[in-house]
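Just so it is clear, the model here is predicted, and its values are computed rather than measured. All residue numbers refer to positions in the sequence shown, counting from 1.
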Amino acid sequence: MLEPLPKRSSTVREVHQRLRSAIVSGALAPEVRLYEQRIAAELGVSRTPVREALAMLDAEDLVVAGRTGGTIVRRVSVDEVRETYEVRAVVEGHAARLAAERITADQLGVLRRLDERMKRAMDRPHAVEDVHVRRLGELNAEFHRTIGGATGNRVLARTLEWLLTTPLYARAYYAYSDPLKRASISDHARMIQLLEARDSDACERFWREHLYRGRDYMIEHLKTREVGE
């Protein structure tokens, strides 16, 4: 069940964001069929913005066409998680190596501020879980993005940016329990220390390990959900 949108003219963007959040958080489970008319009624909008929002979700690979027509939520497979994180480990591991050699004092300052903001966000009481998790995901992406930018390699930075905008990345923080979120965030402080020390080998090794732990968390989450379905 989706909460109605505010009583005013709702945009396609708002409908898309509401549906996207419901999908990546798991509120709309894999293989659930999405009916335009039902969604429109629940959100209190016409079918037109719902239809356009579903087309946007299809372009993001979050939904697919059902065998008998209509639209269903796409299921993420363990193989997809494994393959995605293998690529991220290589790309971001190399980014960490280059960043150790090239990062500026200003960029290190940005990383420290992002680290502090994530820690405060975890400690601050939050009434709306979805907003809280999305904010953590945005800050985490900015941390990884800053390391990519510190490489000075525009192709690598663009590749990393694409990896950070995939639906799988958006799902990650929803899969983490609070202890796992804190463990992931604690890795950031260690990464900053290694970057400050200009230790290229250690930076690459540690950042790959960080991503492999994320892969393992996601795979465990998927397997647990499959058992419960």
Shared hydrophobic cluster, Tyr212 / Phe206 (ILVMFWY, side-chain heavy atoms < 4.5 Å): no
Are Arg198 and Ile103 packed together at the side-chain level, in the sense that at least one heavy-atom pair is separated by less than 4.5 angstrom? yes
Test log, rule side-chain contact (heavy atoms from CB on, under 4.5 Å), inputs Met218 and Val76: CA-CA 10 Å; Met218 280 294 294; Val76 175; 5.5 Å; no
Short side-chain to backbone donor-acceptor contact, Tyr169 and Gly137, under 3.5 Å: yes
Nearest-0.5 Å distance, CZ of residue Arg124 to CZ of residue Arg135: 9.0 Å
Heavy-atom closest contact (Arg171 atom, Arg74 atom, distance): NH2-O, 3.6 Å
Straight-line distance of Tyr173 OH to Ile185 CD1, nearest 0.5 Å: 4.5 Å
Measure the OG1-CG distance between Thr159 and Leu163 for me, rounded to the nearest 0.5 Å. 7.0 Å
Indicate yes or no: at least one non-hydrogen side-chain atom of Asp201 is less than 4.5 angstrom from one of Arg97. yes
Note, Ile147 side chain near Trp207 side chain (heavy atom, < 4.5 Å): yes
Judged by atom type as modelled, is there a donor-acceptor pair below 3.5 Å linking the side chain of Thr84 to the main-chain atoms of Val81? no
Close side-chain approach of Leu28 and Leu19, heavy atoms under 4.5 Å: yes
Leu136 vs His132 side-chain heavy atoms within contact, under 4.5 Å: yes
Rounding to 0.5 Å, atoms CZ (Arg88) and CG (Leu164) come to a distance of 5.5 Å
Within a strict 4.5 Å, meaning less than it, do heavy atoms of the Tyr85 and Arg213 side chains meet? no
Of all the heavy-atom pairs spanning Ala150 and Ala99, show the shortest one and how long it is. CB-CB, 4.0 Å
Is it true that the side chains of Thr48 and Glu52 contain a donor and an acceptor less than 3.5 Å apart? no
Hydrophobic cluster membership, Leu160 vs Met191, 4.5 Å side-chain cutoff: no
Could you tell me whether Arg158 and Glu161 make a salt bridge, using a distance below 4.0 angstrom between a side-chain N and a carboxylate O? no
Minimum-distance pair of heavy atoms, taken over all atoms of Leu156 and Leu98: CD1-CD1, 4.1 Å
For Gly93, does its backbone N or O pair with a side-chain atom of Arg208 as donor and acceptor, under 3.5 Å? no
Do you reckon Val64 sits in the same ILVMFWY cluster as Ile39, going by side-chain contacts under 4.5 Å, direct or chained? no
List the steps, then state whether side-chain contact (heavy atoms from CB on, under 4.5 Å) holds for Arg182 with Lys119. CA-CA 8 Å; Arg182 292 183 186 279; Lys119 289 173 180 174; over 6 Å; no
Any salt bridge (charged side-chain N to carboxylate O under 4.0 Å, His left out) pairs touching residues 19-38, not counting sequence neighbours? Arg20-Glu60, Glu31-Arg75, Glu36-Arg47, Glu36-Arg51
Quick check: closest heavy atoms across Gln107 and Gly149, and the distance to 0.1 Å? NE2-O, 3.9 Å
Within the 4.5 Å heavy-atom criterion, are Tyr176 and His221 side-chain neighbours or not? no
NZ/NE/NH1/NH2 to OD/OE distance under 4.0 Å, Asp178 and Lys181: yes
What about Val32 and Leu54, same hydrophobic cluster or not, with Ile/Leu/Val/Met/Phe/Trp/Tyr joined at side-chain heavy-atom distances under 4.5 Å? yes
Please lay out, stage by stage, how Tyr174 and Arg134 fare under the test side-chain contact (heavy atoms from CB on, under 4.5 Å). CA-CA 8 Å; Tyr174 287 97; Arg134 275 195 284 121; 3.2 Å; yes
Taking the side chain as every heavy atom from C-beta outward, state whether Met118 and His188 have any pair of such atoms under 4.5 Å apart. yes
Closest heavy-atom pair, Ala183 versus Ser186, reported as atoms and distance to 0.1 Å, is O-OG, 2.6 Å
Where do Ala95 and Gly148 come nearest, in terms of heavy atoms and distance? CB-CA, 4.5 Å
List the steps, then state whether salt bridge (Lys or Arg N to Asp or Glu O under 4.0 Å) holds for Arg112 with Asp115. CA-CA 5 Å; Arg112 291 191 199 96; Asp115 181 44; over 6 Å; no
Salt bridge check: are Arg145 and Glu142 linked by an N-O gap of less than 4.0 Å? yes
Group every Ile, Leu, Val, Met, Phe, Trp and Tyr by side-chain heavy-atom contacts under 4.5 Å, then state whether Tyr35 and Leu57 land in the same group. no
Rounding to 0.5 Å, atoms CE (Met56) and CD (Gln17) come to a distance of 9.0 Å
Starting from the C-alpha separation in whole Å, work towards a yes-or-no answer on side-chain contact (heavy atoms from CB on, under 4.5 Å) for Asp58 and Thr71. CA-CA 9 Å; Asp58 180 65; Thr71 303; over 6 Å; no
Mind checking the OG1-CG spacing from Thr166 to Leu62? Nearest 0.5 Å is all I need. 9.5 Å
